[in-house]
Engineer: 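Okay, handing you the structure first.
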Amino acid sequence: MKDYLAGAIISLLLFFVLMYVDQTVYRNVMPLNVIIMLLALHVIFFKHLLTEKRILPYLFLIILLVPAVCFSLPALTYHEAQQKILNSYDLEELESILVPLENDSWNPFAASSAHLFTGKSGSEEITLLVNTMTGEIMPSTLPY
């Protein structure tokens, strides 16, 4: 078990960094499925490939991890989405919640949740859904 410890520590550190970035910058909208799978593979590959001095396959896994992280990063941060709403609509008392999205796509990097912003423009209440992965803003009638 201790043979896997170094790879597990590296994977856990990277996982916690990505979780921290997801929670603080993007507010829990990053699709991390592929990254978690690659980090689990890293634990196994770290032990087997590096102890056998097979650097090339190990580097291939690391190289796969970089685009997976890049594809998982949303187009907009939470604050950018909030500013985009405020710049596009004259809203007061802006509140937001995280809502799940229906995802029928096979794409593991597709958004599974979005931010639902609710605010008042005069006496009218406006609800807008922001898909931070694509950056699009859609009027919403969701019952949240």
Engineer: With sequence neighbours excluded, what pairs up with Ala114 under the side chain to side chain contact (heavy atoms under 4.5 Å, CB included) test?
Structural biologist: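 Expected list: Leu101, Leu129.
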
Engineer: Which residues pass the salt bridge (Lys or Arg N to Asp or Glu O under 4.0 Å) test with Glu52, not counting sequence neighbours?
Structural biologist: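 Result, salt bridge (Lys or Arg N to Asp or Glu O under 4.0 Å) vs Glu52: Arg54.
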
Engineer: Please table the atom pairs, donor to acceptor, closer than 3.5 Å between any side-chain atom in residues 82-89 and protein atoms at least two apart or in another chain.
Structural biologist:
| residue | atom | partner | partner atom | Å |
| --- | --- | --- | --- | --- |
| Lys84 | NZ | Gly135 | O | 2.7 |
| Asn87 | ND2 | Gln83 | O | 3.2 |
| Ser88 | OG | Lys84 | O | 2.9 |

Engineer: Let me confirm one number: the CD-OG distance from Glu125 to Ser123, rounded to the nearest 0.5 Å.
Structural biologist: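 So the CD of Glu125 and the OG of Ser123 are separated by 11.0 Å.
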
Engineer: Report the distance from atom CG of Leu38 to atom CG of Leu14, rounding to the nearest 0.5 Å.
Structural biologist: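 Atom-to-atom, Leu38:CG and Leu14:CG are 10.0 Å apart.
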
Engineer: Would a 4.5 Å heavy-atom cut-off, applied to side chains only, mark Leu32 and Met19 as touching?
Structural biologist: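 In short, these two side chains touch, coming nearer than 4.5 Å.
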
Engineer: Can you name the residues that form a side chain to side chain donor-acceptor pair (under 3.5 Å) with Glu136, not counting sequence neighbours?
Structural biologist: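 Per chain and number, Glu136 pairs via side chain to side chain donor-acceptor pair (under 3.5 Å) with Thr134.
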
Engineer: How about Ile9 and Leu13: do any of their side-chain heavy atoms sit closer than 4.5 Å?
Structural biologist: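 Of all side-chain heavy-atom pairs linking Leu13 with Ile9, at least one is under 4.5 Å.
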
Engineer: What pairs meet the side-chain hydrogen bond (donor to acceptor under 3.5 Å, both in side chains) rule with one or both residues in residues 19-48, with sequence neighbours excluded?
Structural biologist: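 Passing the test, one end in residues 19-48: Tyr4-His48, Ser11-His42, His42-Tyr58.
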
Engineer: For Ser105, enumerate each residue passing the side chain to side chain contact (heavy atoms under 4.5 Å, CB included) test, keeping only those at least two apart in sequence or located in another chain.
Structural biologist: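 Expected list: Asn103, Asn107.
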
Engineer: By ring-ring contact (aromatic ring centres under 6.0 Å, His included), which residues pair with Phe45, not counting sequence neighbours?
Structural biologist: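 Checked Phe45 against ring-ring contact (aromatic ring centres under 6.0 Å, His included); zero matches.
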
Engineer: If you group Ile, Leu, Val, Met, Phe, Trp and Tyr whenever their side-chain heavy atoms sit less than 4.5 Å apart, what else falls in with Met133?
Structural biologist: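 The other cluster members (ILVMFWY side chains, heavy atoms under 4.5 Å, direct or chained): none.
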
Engineer: Let's go through Leu128 and Met138 carefully: what are the C-alpha distance in whole Å and the side-chain angles of both, what is the deciding distance for side chain to side chain contact (heavy atoms under 4.5 Å, CB included) to 0.1 Å, and is it a yes or a no?
Structural biologist: CA-CA 6 Å; Leu128 301 164; Met138 299 165 279; over 6 Å; no

Engineer: Are the side chains of Leu49 and Leu61 in contact, using a 4.5 Å heavy-atom criterion?
Structural biologist: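 When only atoms from C-beta onward are counted, Leu49 and Leu61 do not touch, as no gap falls below 4.5 Å.
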
Engineer: Working to the nearest 0.5 angstrom, can you tell me the gap between Asp3 CG and Ile44 CD1?
Structural biologist: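 So the CG of Asp3 and the CD1 of Ile44 are separated by 13.0 Å.
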
Engineer: Determine the minimum heavy-atom distance between Pro31 and Pro108, stating which atoms define it.
Structural biologist: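 Minimum heavy-atom contact is CB-O, 3.6 Å.
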
Engineer: Are Phe16 and Val29 linked, directly or through intermediate hydrophobic residues, by side-chain heavy-atom contacts shorter than 4.5 Å (ILVMFWY only)?
Structural biologist: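 Same cluster.
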
Engineer: What residues, two or more places apart in sequence or in another chain, satisfy side chain to side chain contact (heavy atoms under 4.5 Å, CB included) together with Phe60?
Structural biologist: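 Testing Phe60 for side chain to side chain contact (heavy atoms under 4.5 Å, CB included), a comparison that skips the adjacent residues, returns Leu64.
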
Engineer: Any heavy-atom pair between the side chains of Leu65 and Leu39 that's under 4.5 Å?
Structural biologist: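 In contact.
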
Engineer: Please name all residues satisfying ring-ring contact (aromatic ring centres under 6.0 Å, His included) with Phe71, sequence neighbours left out, ordered by chain then number.
Structural biologist: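 If we apply the ring-ring contact (aromatic ring centres under 6.0 Å, His included) test to Phe71, skipping adjacent residues, the hits are Phe109.
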
Engineer: Please list all pairs passing the side-chain hydrogen bond (donor to acceptor under 3.5 Å, both in side chains) test where one or both residues lie in residues 63-81, with sequence neighbours left out.
Structural biologist: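 side-chain hydrogen bond (donor to acceptor under 3.5 Å, both in side chains) check on residues 63-81 returns Tyr78-Ser96.
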
Engineer: What is the minimum heavy-atom distance between Ile126 and Ser121, and which atoms define it?
Structural biologist: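 Minimum heavy-atom contact is CD1-CB, 3.7 Å.
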
Engineer: Would you say Val99 ends up clustered with Leu94 if hydrophobic residues are merged whenever their side chains have heavy atoms under 4.5 Å apart, either directly or through other cluster members?
Structural biologist: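 No, because Leu94 and Val99 fall into different hydrophobic clusters, even though each may have its own neighbours under 4.5 Å.
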
Engineer: Just to verify, what does Leu59 make a side chain to side chain contact (heavy atoms under 4.5 Å, CB included) with, not counting sequence neighbours?
Structural biologist: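 Here the qualifying residues are Ile55.
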
